[in-house]
Amino acid sequence: MPAAPFHLGWFGSFSRGGFAGRWAGTAPEAWANGDYHIEMARHLERAGFDFMMFEDSAMVSDVYGGSMNTNLKYGSHGPKHDPMAVIPVIAKLTKHIGLIGTASTTFYPPFMLARTMATLSHLSGGRTGWNIVTSSEDKAAQNFGIDQLPPHDERYDRADEYVELMNRLLESWEPDAVVLDRETNTYVDGDKVHTIDFEGKYYKSRGPLNSLPPVGGRPVYCQAGSSPRGRRFAAQNADTTLVSLNGIEDMKQYRVDVHQHMRDAGRDPSSLKMMFIVAPVIADTVEEAHARAARSRPDVEEMLCTLSVLTEIDFAKYDLDAPLDMEMRTNGHAGYLNQFKQWASEGQTLRQVAESFSVSSMQLVGTPDSIAAQMDEAMQEIGGDGFLITGLGNRKNIIEVTEGLVPELQRRGLTRTEYTHDTLRENLMAF
Ligand SMILES: Cc1cc2nc3c(=O)[nH]c(=O)nc-3n(C[C@H](O)[C@H](O)[C@H](O)COP(=O)(O)O)c2cc1C
């Protein structure tokens, strides 16, 4: 089959790079003032990435072992800075790459976020997006005066309404409302700016927005939930999804499922680009790459602590060498817990599952050439639309991707060699 082009994105956060390894360099310090991410953005842009996506949460968790200490010790889920603040800085120092920041529908007042997104759109020339999350931690809710998050599916119901309100606010100015007519001394034609008088079940807003309408239409909407309700939400609202699943079969099924939901919602399936998370381990030989992958297994405690943060289940309470308790339930990241259980259903102990658990949807361990071939095959089998590369914890990892893997993908005609449009939406929808 001929190669079909696919998209590339980066998945990470505005937080430290990997700090324990030999190649950490100054990344553990240079992130906080934005320098590390600015450098990374320039490399990724040179390689033609569609976007950088900054995940986020708003808490220091104390779920694991009933204390904040393990979480803070590894620094893997905090400290984090606000991604919305670094986006305009990166935007001013790049020209093409898209920048997607995370904001929670549970905590951000819709009007404030609509205004922030409209502003970012102008600062970046239409290159920004919003990763729509409903938040999954009561610990975060408590920072906003909410004792307990609403139940999982209700959070999505609220988010549906939130997005509807967001759209109404972003459209409250007609595109040609700014007339700039010096003759009549008219800056804005008041007849083209409208109140929205939105009154839903959860939200209420008068509108209009008091900032300019965004450049090139509303910002790109991104979503990452994989539960049945999460998929329906994505089918209704998202332009791109971040997908962390386990193997090609699951990815294929996800694609078929979300596409069906999109058709049910009256949407064209090609208007949503699915990005599958991968964490490639690249070296000069396949053997070297495998040796490296074996050396870089996650620390069991760090992995369990991260999963405790995401699911609010205290994994410190469980026997590491007993089979995983399959009755565990969460009001948090249902997708991750299901994935975790799936690994364990093969009879593994908690320690074994933690050692092998990865957010990567498939294993990519090899040379630039072998990994490019694997990505090509996988995309052909899944049907599209791209990969979200994660785990670039230091400058060496970034270079391995941008100067090793991507040129190989480009040589095969699989990823872009230049940006053909100005806005993130146009680039994302270009193929
Ligand atoms: C790849 C990925 C990235 C995510 N990024 C964030 C994030 O930045 N902030 C957040 O609060 N939740 C994040 N989530 C959580 C999802 O938005 C969602 O709340 C969670 O997966 C639970 O939804 P689900 O039960 O539908 O899977 C992420 C999930 C995945 C899989």
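As the structure is a computational prediction, the values presented were derived from the model and not from experiment. For the single chain, residues carry numbers from 1 onward in sequence order. Counting starts at 1 for both ligands and their atoms, in listed order.
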Check your understanding: For ligand 1, which atoms, with element, lie under 4.0 Å from some heavy atom of Thr102?
Key -> 7 (C), 8 (O), 9 (N)
Exercise for review: Report, in ascending order of atom number, the atoms of ligand 1 lying under 4.0 Å from any heavy atom of Ser226.
Suggested key: 24 (P), 26 (O), 27 (O)
Parallel, tilted or perpendicular: which describes the rings of [X] and [Y], with under 30° parallel and over 60° perpendicular?
| X | Y | value |
| --- | --- | --- |
| Tyr254 | Phe276 | perpendicular |
| Tyr318 | Phe315 | tilted |
| Phe54 | His37 | tilted |

For [atom], the protein heavy atom that lies nearest, with its residue and separation:
| atom | value |
| --- | --- |
| atom 6 (C) of ligand 1 | Val133 CG1, 3.7 Å |
| atom 24 (P) of ligand 1 | Ser227 OG, 3.4 Å |
| atom 2 (C) of ligand 1 | Ala224 CB, 3.5 Å |
| atom 14 (N) of ligand 1 | His333 CE1, 3.4 Å |
| atom 1 (C) of ligand 1 | Ile277 CD1, 3.1 Å |
| atom 25 (O) of ligand 1 | His152 NE2, 2.5 Å |
| atom 7 (C) of ligand 1 | Asp56 O, 3.4 Å |
| atom 19 (O) of ligand 1 | Thr134 OG1, 4.0 Å |

Among side-chain atoms of [X] and [Y], is any donor-acceptor pair under 3.5 angstrom?
| X | Y | value |
| --- | --- | --- |
| Asp160 | Asn237 | yes |
| Asn71 | Tyr64 | no |
| Asp376 | Gln380 | yes |

Consider ligand 1: state whether an atom of it lies below 4.0 angstrom from any non-hydrogen atom of [X].
| X | value |
| --- | --- |
| Phe11 | yes |
| Ser104 | no |
| Tyr156 | yes |

At under 4.0 Å between heavy atoms, which part of [X] makes contact with ligand 1: side chain, backbone, both or neither?
| X | value |
| --- | --- |
| Val359 | neither |
| Gln223 | neither |
| Ser136 | neither |
| Val243 | neither |

Review point. Run the ring-ring contact (aromatic ring centres under 6.0 Å, His included) check on Phe49 and His43 step by step: do they pass?
Key: CA-CA 9 Å; Phe49 273 56; His43 284 292; over 10 Å; no
Check your understanding: Can the ring centroids of His7 and Phe387 be said to lie less than 6.0 angstrom from one another?
Key -> no
Check your understanding: How about Phe51 and Trp10: are their ring centres within less than 6.0 Å of each other?
Key -> no
**Study point:** Residue among Asn167, Asn131, Thr241 satisfying side chain to side chain donor-acceptor pair (under 3.5 Å) with Tyr221
**Key:** Asn167
Practice item. Would you indicate which of Gly225, Ser13, Gly230, Ala159 comes nearest to atom 21 (O) of ligand 1 when only heavy atoms are counted? Key: Gly225
Review point. Based purely on interatomic distance, does Ser57 place a nitrogen or oxygen under 3.5 Å from a nitrogen or oxygen of ligand 1?
Key: no
Check your understanding: Do side-chain atoms of Arg231 reach the backbone of Ser226 as a donor and acceptor pair under 3.5 angstrom?
Key -> yes
Review point. Do you know which of Phe111, Trp130, Tyr108 makes ring pair (Phe, Tyr, Trp, His ring centres under 6.0 Å) with Tyr162?
Key: Trp130
